[in-house]
Amino acid sequence: MDILTELNTAQREAVESIQGPVLIIAGPGSGKTRVITHRIAYLIKVVGVSPHRILAVTFTNKAAREMEARLQRLVGGSVGDLTLGTFHAICARILRRDGKAIGVDPRFVIYDDEDQISLVKRSIQDVGVDPKQYAPRAIASAISSAKSRMLAPKDYLSHGRSYFEEVSGRVYERYQQLLTESSALDFDDLLVKVVQLFRSNAEILARYQNRYLHVLVDEFQDTNLVQYELIKQLGGKSRNICVVGDPDQSIYSWRFADLRNILSFEKDYPEAKVVLLEQNYRSTKRILETASRIISANQQRKPKELWTKNETGEPITVVETYTEQEEAQFVVNEIERLVASGEAKRGDCAVMYRTNAQSRVLEEAFIRYGVPYKLVAGTRFYERREVKDIIAYLRCLQNPNDNISLLRIVNVPVRGIGQRTVTELSAWAKSRGVPEYQALQLIAAQPELAGSRVNKALVGFLNLMEELRAKSQELDLVELLDLVVKRTGCQEHIMSQPDGEDRWENVLELRTVAQEYKNLKPPEGLTAFLEGVTLVSDVDELAEKVDAVVLITLHQAKGLEFPVVFIVGMEEGILPHFKSLGDSEQMEEERRLCYVGVTRAQKKVYLVHCFRRSLMGSSKVNKPSRFLADIPSYLIAGGGLWSGEESQVASAAYSWNKAPEAVSVPQATGPELKAGDRVRHPQFGDGVVVSLQPAKDDKEVVAAFNGIGVKKLLLSYARLEKVE
DNA sequence: CGAAAGGCTCTTTTT
DNA sequence: GAGCCTTTCG
């Protein structure tokens with residue numbers, strides 16, 4: 001039985017225990033994904049369960065895709081109609097199909113974060129509260145918290161203690177009304193509505209319960225209460241629920257993930273079998289011990305004995321630099337040194353950080369030295385203005401009630417509909433209790449209203465949308481997208497902006513994505529596309545092929561592994577983040593985050609911090625992270641240059657000064673260039689030199705590349721060729 | 001109405 | 001430092 005032969009005893013037990021509930025506590029690198037895939041393969045191939053009757057929930061779409069690929073290899077062919085995806089994707093599917101039973105419009109659109117904030121703002125206004133007094137973000141979070149506990153506005157209000165909760169409750173109420181009017185669901189609704197659906201409709205619930213004989217959940221430590229309830233409902237009949245998680249890797253409490261779900265599971269399923277996976281296959285002994293030392297300082301945890309047969313490996317490298325620019329430079333130099341010495345490929349290396357803002361300086365360094373990198377997120381693709389605008393058009397075509405999208409595009413590109421007009425339109429629509437789109441139709445239908453100059457512009461917009469809407473029923477997605485772009489004049493509008501070409505590139509990229517949906521029948525293609533673009537995450541997009549360094553947040557890094565890991569910003573206030581300094585529970589989560597980072601590494605770990613860092617404009621001196629102090633000196637390269645509390649500028653500067661020696665010392669070698677010269681770059685292609693400036697021992701070249709934009713490069717590193 | 005400039009605030013992590 | 005909002009001017 002080849003499915004079982006490659007597994008250790010504990011893994012095998014986890015795979016074979018297919019009767020009844022199973023809780024798998026899986027340490028980092030313990031073969032968790034392998035257990036899940038093998039378990040599914042075992043069910044299908046050995047036990048003979050139809051894939052149709054298996055439900056597997058993952059944390060990201062990427063994890064789902066990877067799992068599918070692995071399964072296909074194991075099963076040897078297609079896995080049939082196995083249900084596999086994130087909670088959100090699976091719920092969206094259920095609601096499209098069965099949501100009608102609780103009044104969910106099957107054409108619903110899904111509101112992402114940004115839309116949600118816009119809607120909260122409107123709700124705050126409608127309720128008559130000053131949005132300056134109550135940050136929309138804070139209220140949105142309160143609403144999300146309420147939904148995560150399945151509290152309806154009324155319940156939330158009756159629980160309310162503080163004035164803030166009172167206000168949030170009222171906003172929540174209005175917010176929910178507006179969502180319903182817009183035929184829109186936010187991320188939380190996707191889950192909550194399915195739970196409601198199952199609660200209120202025994203027949204539908206029974207259909208799903210009877211179908212799913214086996215339910216598997218990955219990253220169980222990051223599920224919230226609604227998700228827990230959902231699992232309970234779906235697996236309610238068979239009770240063959242298998243959850244896999246690691247409390248030490250729980251890093252999403254701010255998204256209302258609740259660690260207590262693991263405890264509840266043991267309580268709700270007393271017959272559950274508990275399997276511990278403690279053997280690590282990923283990291284060296286030193287890395288594993290470093291990680292264990294860091295995590296064991298947490299009070300609220302069950303101790304775990306992780307072990308590995310892997311080699312001892314190299315010591316951990318702790319480095320202090322002076323500024324964040326030098327930090328970035330150190331990382332780039334060190335990676336290039338590893339590449340030059342053959343110790344690693346660029347694609348083996350990942351640089352991890354606590355906040356997205358930290359990626360900028362890193363990115364600049366990678367560009368200057370001409371080292372290929374992949375940035376996961378940044379400004380996320382689907383959140384870019386121009387992309388979101390096009391998506392907003394498409395959403396309105398699918399669902400004209402989608403007010404947030406409508407208001408977003410009503411004057412983009414500008415068509416003479418100003419702020420005042422929009423406000424009046426909204427007020428008018430509200431007074432009549434109809435969505436804005438219907439208000440437009442009412443205005444158009446009454447000549448005495450439609451006559452004024454302003455209203456003509458509105459009617460013009462309506463006619464455009466009506467025309468596009470008619471076409472959306474016949475054209476395939478790409479044709480539709482092209483038509484939208486053409487009829488709205490988006491291209492000219494975008495190109496006229498600064499960075500216009502880059503932005504236009506993004507639209508073309510969106511078009512490429514659309515091509516995947518080209519073959520679906522007209523309305524379905526649109527629906528599937530819109531759902532896809534809202535529910536993807538950035539990690540999902542991480543392409544494997546290119547040999548480039550990965551820049552990624554610690555959160556996104558969960559579930560991934562790399563031979564070489566750099567964690568930068570190992571400073572008090574960064575990691576741990578200053579928001580968590582006063583709260584011991586949050587501090588424990590920061591520690592887990594650090595633990596997640598370290599345990600991503602297979603061979604080498606660098607922990608980098610800097611002496612001073614500019615934050616929001618001004619420069620600040622940061623103490624080294626307290627987590628560094630938990631690593632015993634015998635695990636650290638240089639036998640403990642690092643000694644705890646006090647900042648070691650001198651000694652660390654020593655290690656910093658040493659590093660670049662191994663790299664070729666930068667000299668201003670390279671072609672003689674002057675402004676206006678044509679050049680070629682291995683990555684960026686052809687371009688023109690804009691300016692040249694001396695920089696230390698080098699020259700900084702500013703060049704504009706065709707279709708790429710302006711880049712700053714260092715002459716000696718950039719491998720620029722002069723083109724005659 | 002719309003572009004541009006100035007002033008304000010708030011900075012975590014994301015399906 | 002950026003993004004958002006308000007104000008001002010054409």
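Each chain gets a letter, A, B and so on, in the order its sequence line appears, and its residues count up from 1.
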Review point. Judged by modelled atom types alone, do Glu327(A) and Thr321(A) share a side-chain donor-acceptor pair under 3.5 Å?
Key: no
Check your understanding: Between dG1(C) and Ser614(A), is there an OP1 or OP2 to side-chain N/O distance shorter than 4.0 Å?
Key -> no
Check your understanding: Taking all atoms of both residues into account, what is the closest heavy-atom pair of Arg149(A) and Leu225(A), and its distance?
Key -> CA-CD2, 4.3 Å
Exercise for review: Report the residues that fulfil side chain to side chain donor-acceptor pair (under 3.5 Å) with Asp389(A), sequence neighbours left out, ordered by chain and then residue number.
Suggested key: Arg408(A)
**Study point:** Euclidean distance for P, dC4(C) against dT13(B) (whole angstrom)
**Key:** 15 Å
Review point. So, for Gln398(A) and Phe108(A), which heavy atoms are closest and what is the spacing to 0.1 Å?
Key: NE2-O, 3.4 Å
**Study point:** Partner residues of Ser118(A) under the side chain to side chain donor-acceptor pair (under 3.5 Å) criterion, sequence neighbours left out
**Key:** none
Exercise for review: Would you confirm whether Gln176(A), through its side chain, and Tyr172(A), through its main-chain N or O, come within 3.5 Å as a donor-acceptor pair?
Suggested key: no
Exercise for review: Respond yes when some side-chain nitrogen or oxygen of Gln556(A) is under 4.0 Å from OP1 or OP2 of dT13(B), and no when none is.
Suggested key: no
Point to revise | Atom CD of Glu585(A): over 12 foreign heavy atoms under 6.0 Å | key: no
Exercise for review: Respond yes when some side-chain nitrogen or oxygen of Thr553(A) is under 4.0 Å from OP1 or OP2 of dT14(B), and no when none is.
Suggested key: yes
Revision key, fill the gap. Closest non-hydrogen contact found for Ala64(A) with Gly85(A) is CB-CA, 4.1 Å
Check your understanding: Which nucleotide sits closest to the side chain of His88(A): dT15(B), dC1(B), dA2(C)?
Key -> dT15(B)
**Study point:** Residue Asn411(A), side-chain atoms from C-beta onward, closest of dT15(B), dG2(B), dA2(C)
**Key:** dG2(B)
Exercise for review: Tell me the stems DNA chain B sits in, counting at least three consecutive Watson-Crick or G-U wobble pairs, each under 3.5 Å on both distances.
Suggested key: B:1-10 with C:1-10
**Study point:** Arg415(A) vs dG2(B): side-chain N/O to OP1/OP2 distance below 4.0 Å
**Key:** no
Check your understanding: dT15(B) phosphate, OP1 or OP2: any side-chain N/O from Asn224(A) under 4.0 angstrom?
Key -> no
Review point. Is the shortest side-chain N/O distance from Lys558(A) to OP1 or OP2 of dT14(B) below 4.0 Å?
Key: no
**Study point:** Proximity to DNA chain B (any heavy atom under 4.0 Å), residues of residues 248-262 of chain A only
**Key:** Tyr252(A), Trp254(A), Arg255(A)
Review point. Looking only at side-chain N and O atoms, does Asn61(A) come under 4.0 Å of OP1 or OP2 in dT15(B)?
Key: no
Exercise for review: Go through Asp186(A) and Ile110(A) one step at a time and tell me if the side-chain contact (heavy atoms from CB on, under 4.5 Å) criterion holds.
Suggested key: CA-CA 6 Å; Asp186(A) 64 17; Ile110(A) 303 166; over 6 Å; no
All N/O contacts under 3.5 Å from nucleotides 3-10 of chain B to the protein, with atom names and distances to one decimal?
none

Check your understanding: Given Arg360(A) and Glu364(A), is the side-chain contact (heavy atoms from CB on, under 4.5 Å) satisfied, shown in steps?
Key -> CA-CA 6 Å; Arg360(A) 251 192 79 156; Glu364(A) 281 166 12; 3.5 Å; yes
**Study point:** Sequence-distant partners of Glu531(A), salt bridge (charged side-chain N to carboxylate O under 4.0 Å, His left out), two or more places apart
**Key:** Arg96(A)
